[in-house]
Amino acid sequence: MVRNPLSKSGNKYLRKFRKWPHSPYKTSWHHTFGEQQAMQILKKATLEVASSDQSQTQNLRYPFLLSTLLDSFKAFSTAPTPKAYYFLIKTLTSTSRLQDIAPVLDHVEQSEKFETPEFIFVHLIRFYGLADKVQDALDLFFRIPRFRCTPTVCSLNLVLSLLCRKRECLKMVPQVLLKSQHMNIRVEGSTFRVLIKALCRIKRVDYAIKIMSCMVEDGYGLDDKICSLIISSLCEQRDLTSIEALVLWRDMRKLGFCPGVMDYTNMIRFLVKEGRGMAALGIMNQQKEDGFKPDVVCYTMVLSGIVAEGEYGKLEELFDEMLVLGLIPDVYTYNVYVNGLCKQNNVNEALKIVASMEELGCKPNVVTYNTLLGALCVAGELGKARGIMKEMGLKGVGFNLHTYRIMIDGLVGKGEIGGACLLLEEMLEKCLFPRTSTFDNIVFQMCQKGLTDEAMELTQKIVAKSFVPGARAWEALLLNSLSRAEYSETTFSGLLDTN
DNA sequence: ATAGGGTTAG
């Protein structure tokens, strides 16, 4: 086959194939020379301005640098080039001389004839955005055609991302999109991405999804990145329910979305957070069908969701499955499992698991012990609970706020007010404060047992530490002192009657 | 290679 010398693979510099005609400035050498000379003068002037007092160099009619630009090009009989203006504007923005930008723009708009390149506006709009001048950015965007420039999706995307960054500007987005159509800007997939990204960032996932549907309806392909972005924003939003999220997930998959490991994880986390453990299990099963092996964290999340939903049958099954897959449970996983056993009132099995996790080199932590303590208190086995506390001390696992609350509530529940008070003292020494209901219960029970003075003393002590007892505590104290007063009053009136 | 995940509430 003979190669056609004039084919597309031929010399692209031949006039016939040249995409753009040569700039008139570049066709004659003296213009090029003039431009270079003028630019040098401009750059020199810029440096001088930078090192001098700005107010001294202000010209009345034009900002100093603009008149320098005009004068120097005039001196070389050359028309100022877009490049020169770009340089000028970059200088003004980098030195934050905002007040000088407007006259330059006015001049380019009214006195120059060239087609202003879009990147000048892109630069300025970005600058306005960084300077938090969204309105200026927007005004300039709409003004672009007056500079003999046809704006493209570049400027549009930029303006949109600025608008999406602020909640109060969001409402302008539809208007801008509409106007951009009149400006003959062709919206692209990138525009949708900009909008969706910005909406996810400000946690308006509902809007992001609406945009995504528009995108699909308009025939743009759905890309995995957008899906991932939306899925990863599910946890931090409140607009979408778990049911809606599941529908979304199904629809995305129908449209060809191929989830990555992080997508399954994010979806599972959201569902578990919403109390949908079985639905989370469904997603993890999809993950396995899709050929990804879920890791320990995924299993732990699903296990905790299943426990929260009370699906204990699945708990055993899933824990075993995890072991079969060769995953090593860590302390988080064991804590979920132990909690599941405790929820089933199977404390003995829970204790066995804790013993075996130690044998396997996985040290129980304060969460593990708190779980056991809670279960033992519920079962009324305070003695065993005390044993666990002792064990914690021996193992060097410190008590935290939960530990005290669980134990104090447990002791109060059993009427062991003395022990509860000792623990309360201990936590106050560590600057830990009980929750109101715990404290109120202690006071209430002390009053019931006739320990009114002690209850009063305890209340005074904790109030001195800026703790505010609840209504129940005040009521108990008040009723006690009232009944005393009543007693003395009846005695008194009885005395009066006899008189 | 890393993070992520776990207690409780009448």
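Below, chains carry the letters A, B, ... as their sequence lines are ordered, and counting in each starts from 1.
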Interatomic distance where [atom1] belongs to [X] and [atom2] belongs to [N] [whole Å]:
X	N	atom1	atom2	value
A/Tyr264	B/dG5	OH	P	20 Å
A/Ile268	B/dG6	CD1	C1'	16 Å
A/Tyr332	B/dG5	OH	P	8 Å
A/Met262	B/dG5	CE	C1'	11 Å
A/Asn441	B/dG10	CG	P	10 Å
A/Ile328	B/dG6	CD1	P	21 Å
A/Lys273	B/dG6	NZ	C1'	16 Å
A/Tyr337	B/dG5	OH	C1'	18 Å

**Prompt:** Within the side chain of A/Glu309, is there an N or O that forms a donor-acceptor pair under 3.5 Å with the backbone of A/Met278?
**Reply:**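 Judged by distance alone, yes, a pair lies under 3.5 Å.
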Does the distance from a Lys or Arg side-chain N to an Asp or Glu carboxylate O, for [X] and [Y], drop under 4.0 Å?
X	Y	answer
A/Glu381	A/Lys384	yes
A/Lys288	A/Glu321	yes
A/Lys273	A/Glu236	no

- Under-3.5 Å donor-acceptor pair between A/Asp330 side chain and B/dG5 base: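 A donor-acceptor contact between them is present.
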Selected nucleotide, minimal atom distance to A/Arg435 side chain, candidates B/dG5, B/dG6, B/dA9 |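 So the nucleotide nearest the side chain must be B/dA9.
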Let's go through A/Glu457 and A/Lys461 carefully: what are the C-alpha distance in whole Å and the side-chain angles of both, what is the deciding distance for salt bridge (Lys or Arg N to Asp or Glu O under 4.0 Å) to 0.1 Å, and is it a yes or a no?
CA-CA 6 Å; A/Glu457 211 175 294; A/Lys461 198 165 165 183; over 6 Å; no
**Q.** side-chain N/O A/Lys343 vs B/dT8 OP1/OP2, d < 4.0 Å
**A.**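 Result: yes.
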Under-4.0 Å side-chain N/O to phosphate OP1/OP2 contact, A/Asn339 with B/dG6
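The answer is no; no side-chain N or O of A/Asn339 sits under 4.0 Å from OP1 or OP2.
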Considering only residues two or more places apart or on different chains, which pairs with a residue in residues 363-373 of chain A satisfy side-chain hydrogen bond (donor to acceptor under 3.5 Å, both in side chains)?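 Those involving residues 363-373 of chain A are A/Asn335-A/Asn365, A/Asn335-A/Thr368, A/Asn365-A/Thr368, A/Asn370-A/Asn400, A/Asn370-A/Thr403.
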Where along [range] does a heavy atom come under 4.0 Å from DNA chain B, residue by residue in number order?
range	result
residues 274-300 of chain A	A/Asp295, A/Val296, A/Val297, A/Thr300
residues 400-434 of chain A	A/His402, A/Arg405
residues 355-378 of chain A	A/Asn365, A/Val367, A/Asn370, A/Thr371

In this structure, are over 12 heavy atoms from other groups packed under 6.0 Å from A/Leu325 atom CG?
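Count over threshold, so yes.
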Take atom NZ of A/Lys293 as the centre, draw a 6.0 Å sphere, and report whether it contains more than 12 heavy atoms from other residues, nucleotides or ligands.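 Enclosed.
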**Message:** Would A/Ile209 and A/Leu240 count as a side-chain contact (heavy atoms from CB on, under 4.5 Å) here? Give the steps.
**Reply:** CA-CA 10 Å; A/Ile209 291 166; A/Leu240 229 64; 3.4 Å; yes
Mind listing the side-chain donor-acceptor pairs of residues 194-205 of chain A below 3.5 Å, one per line with the distance, residues two or more places apart or on another chain?
residue, atom, partner, partner atom, Å
A/Arg204, NE, A/Asp206, OD1, 3.3
A/Arg204, NH2, A/Asp206, OD2, 3.0

Which atom pairs, one a donor and one an acceptor, fall under 3.5 Å between side chains of residues 427-439 of chain A and the rest of the protein, sequence neighbours left out?
residue, atom, partner, partner atom, Å
A/Lys430, NZ, A/Tyr404, OH, 2.8
A/Thr438, OG1, A/Asp409, OD1, 3.0

Going through the checks in order, is the salt bridge (Lys or Arg N to Asp or Glu O under 4.0 Å) test met by A/Glu317 and A/Lys314? CA-CA 5 Å; A/Glu317 189 188 316; A/Lys314 281 276 171 206; 3.5 Å; yes
